[in-house]
*Asks:* 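First the structure, then my questions, so here it is.
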Amino acid sequence: MAIVITGGAKVDKAGVETLHGALIPWDSKVASSSGSWVSGLKGRTFFDTPPARFGRMDAFSKLTVGCAHLALKDAAAAGSESFPEGIVLGSLMGCLMTDIQYYAPVCDKGPEHAGPLLFSYTLPNVAVGEVCREFRLFGPNTVISCGEDSALAALVVAHGWLSSGRASALLAGGVEAVDSRVAELCRGDSNADIRSSAFLFQLERQDEPWQPGLPTILGGESEFSPSGFSIERSVDLGNTGMERMWHMLNMGGRGFRAIDVRDKEGYSSSLKVFIDTEKHGSTTRHRTQIKSAAD
Amino acid sequence: MKSPAVRIRGSGAVTPYGAGVQSLWQGIEEGRPAVSPFSGFENEGLPQLVVGKVPDAVDRLQAFNGLGRDGNRAAFLAGIAIEEALRTANLSPGDLEGPGVALFLSTTKGPISAVERFCLHRKRSGDECMVTPSDLAGLLARTLNISGTVQAVSSACASGAVAIALAADHLSSGRCDRALVVGVDILSAFIVTGFLALKALSSKPARPFDVDRDGLNPGEASAAIILDVTDENSGPFVKGWGLSNDAHHITGPDRHGSGLAHAIRAALNDADTTPDRIGALVAHGTGTVFNDAMEMRAIEAVFSPTIPPVCGIKGAVGHSFGAAGLVEAALAVEMLRRRKVPNTLGHGRCEEEGFRFRGAPLEQDRILSSNSGFGGVNAAVVIGKDDSWPL
Amino acid sequence: MEALQDIEHRLKALLIEALGFEDLTPDDIDAETPLFGEDGLGLDSVDALELVMILDKHFGIVIEDPEMGKEILASIRVMAEYVLNHRKK
């Protein structure tokens with residue numbers, strides 16, 4: 001039995017990229033690249049035919065749903081025959097951006113200006129709900145929040161659920177959607193470099209014999225250090241564990257890799273992965289090679 | 001669920017009835033709801049509302065290790081619940097320290113005051129570092145000196161049951177020896193304005209599952225349970241859990257209840273039990289037309305023809321969002337201890353057949369507690385005991 | 001006095017903005033298309049609350065009764081006619 005990664009996608013200020021595909025930089029026609037790119041996401045950024053609901057969603061949900069769509073497409077294009085039953089999402093900031101967007105007008109103008117639709121999005125779980133609704137995921141799902149790399153912790157949870165048979169395939173990863181107001185609230189500096197991004201991977205449990213060459217998650221841990229707290233927060237904040245993981249998966253090679261993240265709140269997570277692209281070509285092309293060998 | 005058994009060693013709560021699980025039980029037994037008219041949000045331009053507010057007398061209590069002395073109400077309420085959980089678990093604070101202990105926090109908005117203050121003043125107040133649920137979980141972990149896994153769970157109003165599920169999973173897979181699961185949410189203008197905009201509030205005390213129900217009462221509360229693993233055959237135990245998503249609508253539940261039914265069946269399977277062995281259901285029962293209709297459909301689908309007695313507490317204490325699932329778990333433990341199913345306060349009658357909402361003896365030693373939340377999430381937990389408990 | 005057509009145009013624009021329909025312009029929406037249900041624009045109950053807010057904020061019309069709300073929000077045409085006859089702003 002192995003827990004493998006069969007697809008993935010990332011969305012950040014550079015553009016959109018899938019695990020088995022190339023980076024597509026932002027095109028100013030589909031998303032505003034000035035200011036906070038995450039505020040200018042359009043359905044066409046991610047979908048050939050955007051879902052009807054896409055425009056109603058807040059930025060956090062758009063980012064999550066768009067990234068999920070790309071990750072699912074990537075896994076299918078790379079030859080996966082499984083489809084996720086659920087999703088585990090990690091996010092430190094959650095929907096803070098939406099919280100402020102919702103409540104600032106209420107403060108300024110009164111509760112008659114409380115938007116019911118926007119209020120619906122003031123829970124990060126609703127982004128998970130939009131993913132489940134759009135892609136018909138009926139199984140286990142949750143959002144966890146545990147410091148600056150909540151996404152890595154989400155992969156650990158997903159690994160556990162897959163290993164114990166709660167699901168046979170899951171989406172897992174993390175999303176941070178932040179703008180200058182969130183930066184001002186959390187860091188006292190509206191120009192602080194806290195980066196928006198989304199990383200989602202399709203994880204599957206494969207029973208023996210499993211597909212060789214796929215990155216395999218061996219396990220991980222999430223811990224806390226009570227004495228590790230520092231009032232000096234990172235000015236620089238993003239999905240650092242996910243960035244490292246993405247880089248590691250794209251580098252390829254053969255052997256064990258570990259991704260460790262520790263933040264200034266005291267949270268830490270680690271993930272152990274085994275990759276093996278030497279025998280079967282790079283991660284980004286191994287599926288195609290296997291498929292063509294079978295043709 | 002895999003062995004070893006996950007035992008609920010202690011539980012604590014603070015609700016609109018005051019501090020203590022016993023005050024919650026007593027209040028429900030005496031048939032007096034603790035929700036009441038509240039005008040505390042006048043400054044925010046809100047009308048008088050019926051809410052579940054923790055009484056002012058509780059503010060004079062000391063929470064665990066001074067939590068909340070700085071005005072952090074969510075930390076304060078959590079500290080009161082943790083204090084009782086430790087006491088009833090017969091543990092000292094030192095027993096919750098170290099890498100073998102995990103903490104799971106269930107909350108929807110956590111320390112929401114930071115966002116409210118920011119929106120009011122448009123700038124950060126001082127060294128604001130209590131903003132997210134993760135910050136609150138970190139504070140609790142530091143106060144208790146917990147160094148195992150610490151996570152805040154955000155599954156909307158289902159967070160309580162989800163947090164219990166994650167903790168049970170952690171314990172049964174050997175990743176920790178002990179787990180503290182805390183649920184808390186405070187009354188806030190943020191949440192109240194939103195539910196008003198959704199027209200989901202009732203102007204009267206909520207009436208779960210009643211034919212004339214017309215909305216929920218927002219509330220605040222905190223509850224905590226301490227879990228560990230044991231070979232002893234006492235109890236009560238978390239026997240199993242199940243999670244699902246309706247995949248239907250982000251705020252409106254799937255009217256057929258199939259999502260919740262799926263979670264309930266998954267929990268029953270995981271607990272290696274069957275519908276006829278469940279002695280009572282602790283339902284989510286918010287008092288809204290759609291949630292309660294969905295739940296009854298789901299319950300019918302799983303349990304017909306013999307539906308166990310159903311109990312809901314949101315007519316008594318309101319809907320405390322992230323705390324709800326933990327308060328309901330603490331209640332389930334009390335139901336097992338006393339072998340009794342309490343009345344569902346606020347319920348008068350319903351037209352659906354086969355449902356019992358009146359107090360009754362608990363005839364089987366398994367209880368199923370479920371919660372559902374925005375985003376279509378459903379979570380169910382089976383809590384049970386064996387004959388040798390209580391001693 | 002604002003003509004029915006102009007009210008319809010305004011309502012369409014406000015609906016597009018409130019519900020984030022990126023690819024629609026007011027001219028793309030037929031005034032008689034049902035707003036709710038699968039045969040129409042496919043709006044749901046939360047969208048309905050947003051439309052009720054639009055009627056309040058922009059035209060001073062308060063709808064308290066959900067049953068009445070369903071009738072008035074049937075289509076842009078029906079909404080515009082109601083605005084013509086009941087507006088306070």
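Just so it is clear: chains get the letters A, B, ... in the order the sequence lines come, proteins before strands, and each one is counted from 1. Values below: all heavy atoms of this structure, side chains included; hydrogens, waters and symmetry mates excluded.
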*Asks:* In terms of heavy-atom proximity below 4.5 Å to chain A, should Thr108(B) be classed as side chain, backbone, both, or neither?
*Replies:* both
*Asks:* Tell me, side chain or backbone of His170(B) under 4.5 Å from chain A's heavy atoms, or both, or neither?
*Replies:* neither
*Asks:* Where does Phe104(B) contact chain A at under 4.5 Å (heavy atoms): side chain, backbone, both or neither?
*Replies:* neither
*Asks:* Spell out, as yes or no, whether a donor-acceptor pair under 3.5 Å connects the side chain of Ser154(B) to the backbone of Pro124(A).
*Replies:* no
*Asks:* Any idea which heavy atoms bring Leu185(A) and Ala114(B) closest together, and the distance?
*Replies:* CD1-O, 4.0 Å
*Asks:* Sort out for me which of Ile191(B), Leu105(B), Thr143(B) touches chain A most, counting heavy-atom pairs under 4.5 Å.
*Replies:* Ile191(B)
*Asks:* Among pairs that include at least one residue of residues 102-131 of chain A, which meet salt bridge (charged side-chain N to carboxylate O under 4.0 Å, His left out), considering only residues two or more places apart or in two chains?
*Replies:* Arg53(A)-Glu130(A), Asp108(A)-Arg122(B)
*Asks:* Check each atom of Thr132(B) against the heavy atoms of chain A and say whether the ones under 4.5 Å are side chain, backbone, both or neither.
*Replies:* side chain
*Asks:* Run the numbers on Arg175(B) and Glu223(A) for salt bridge (charged side-chain N to carboxylate O under 4.0 Å, His left out), then give the verdict.
*Replies:* CA-CA 11 Å; Arg175(B) 278 175 287 165; Glu223(A) 289 176 328; over 6 Å; no
*Asks:* Heavy-atom distance under 4.5 Å to chain A: side chain of Leu103(B), backbone, both or neither?
*Replies:* neither
*Asks:* Where does Val131(A) contact chain B at under 4.5 Å (heavy atoms): side chain, backbone, both or neither?
*Replies:* neither
*Asks:* Go through the structure and list residues passing salt bridge (charged side-chain N to carboxylate O under 4.0 Å, His left out) with Arg136(A), not counting sequence neighbours.
*Replies:* none
*Asks:* Sort Val162(B) into side chain, backbone, both or neither according to what part of it lies under 4.5 angstrom from a heavy atom of chain A.
*Replies:* side chain
*Asks:* Can any side-chain N or O of Tyr103(A) pair as donor or acceptor with the backbone N or O of Thr193(B) at less than 3.5 Å?
*Replies:* no
*Asks:* State, to 0.1 Å, how close Asn245(B) and Leu137(A) come at their nearest heavy-atom pair, and which atoms those are.
*Replies:* CB-O, 3.6 Å
*Asks:* Which atoms of Asp246(B) come close to chain A, meaning under 4.5 Å heavy atom to heavy atom: side chain ones, backbone ones, both, or neither?
*Replies:* backbone
*Asks:* So which atom in Ile250(B) and which in Ser120(A) form the shortest heavy-atom distance, rounded to 0.1 Å?
*Replies:* CD1-CB, 4.0 Å
*Asks:* Could you tell me which of Gln151(B), Glu97(B), Lys123(B) has the largest number of non-hydrogen atom pairs under 4.5 Å with chain A?
*Replies:* Gln151(B)
*Asks:* So does Phe374(B) get a backbone contact from the side chain of Asn125(A), meaning a donor-acceptor N/O pair under 3.5 Å?
*Replies:* yes
*Asks:* Is a donor on one side and an acceptor on the other found under 3.5 Å between the side chain of Lys109(B) and the backbone of Thr122(A)?
*Replies:* yes
*Asks:* In residues 180-190 of chain B, which residues are in contact with chain A at a heavy-atom separation under 4.5 Å?
*Replies:* Ala189(B), Phe190(B)
*Asks:* Strictly below 4.0 Å, N to O, side chains only: are Arg124(B) and Asp189(A) in salt-bridge contact?
*Replies:* no
*Asks:* Between the main-chain N or O of Thr142(A) and the side-chain N or O of Ser155(B), is there a donor-acceptor pair closer than 3.5 Å?
*Replies:* no
*Asks:* Grab the two heavy atoms, one from Pro116(A) and one from Ala197(B), that are nearest each other, plus how far apart they are.
*Replies:* CB-O, 3.6 Å
*Asks:* If you count heavy-atom pairs within less than 4.5 Å of chain B, which of Gly129(A), Ser227(A), Ser91(A) leads?
*Replies:* Gly129(A)
*Asks:* Quick check on the interface: out of Gly148(B), Gly376(B), Gly45(B), who has the most heavy-atom pairs with chain A under 4.5 Å?
*Replies:* Gly148(B)
*Asks:* For His248(B) and Phe138(A), run side-chain contact (heavy atoms from CB on, under 4.5 Å): C-alpha distance rounded to whole Å, both residues' side-chain angles, the deciding distance at 0.1 Å, then the answer.
*Replies:* CA-CA 10 Å; His248(B) 170 73; Phe138(A) 297 99; over 6 Å; no
*Asks:* Should we count CZ of Arg262(A) as having more than 12 external heavy atoms under 6.0 Å?
*Replies:* no
*Asks:* Donor-acceptor pair, distance only, cut-off 3.5 Å: does the side chain of Arg133(A) make one with the backbone of Ala247(B)?
*Replies:* no
*Asks:* Against chain A, label Glu116(B) side chain, backbone, both or neither, depending on which of its atoms sit under 4.5 Å from a heavy atom there.
*Replies:* both
*Asks:* Who wins among Met93(A), His113(A), Glu221(A), Arg181(A) for the most heavy-atom pairs under 4.5 Å with chain B?
*Replies:* Arg181(A)
*Asks:* For the residue pair Asn141(A) and Leu243(B), what are the closest heavy atoms and their distance?
*Replies:* O-CD1, 3.8 Å
*Asks:* Please identify each residue that fulfils side chain to side chain contact (heavy atoms under 4.5 Å, CB included) with Asp177(B), with sequence neighbours left out.
*Replies:* none
*Asks:* For Val115(B) and Leu96(A): C-alpha separation, side-chain torsions, deciding distance, then whether side-chain contact (heavy atoms from CB on, under 4.5 Å) applies.
*Replies:* CA-CA 8 Å; Val115(B) 169; Leu96(A) 268 180; 3.5 Å; yes
*Asks:* For the residue pair Val150(B) and Tyr267(A), what are the closest heavy atoms and their distance?
*Replies:* O-CE2, 3.3 Å
*Asks:* Go through Ile146(B) and Phe224(A) one step at a time and tell me if the side-chain contact (heavy atoms from CB on, under 4.5 Å) criterion holds.
*Replies:* CA-CA 7 Å; Ile146(B) 289 174; Phe224(A) 188 81; 5.8 Å; no
*Asks:* For Val106(A) and Cys119(B): C-alpha separation, side-chain torsions, deciding distance, then whether side-chain contact (heavy atoms from CB on, under 4.5 Å) applies.
*Replies:* CA-CA 9 Å; Val106(A) 174; Cys119(B) 289; over 6 Å; no
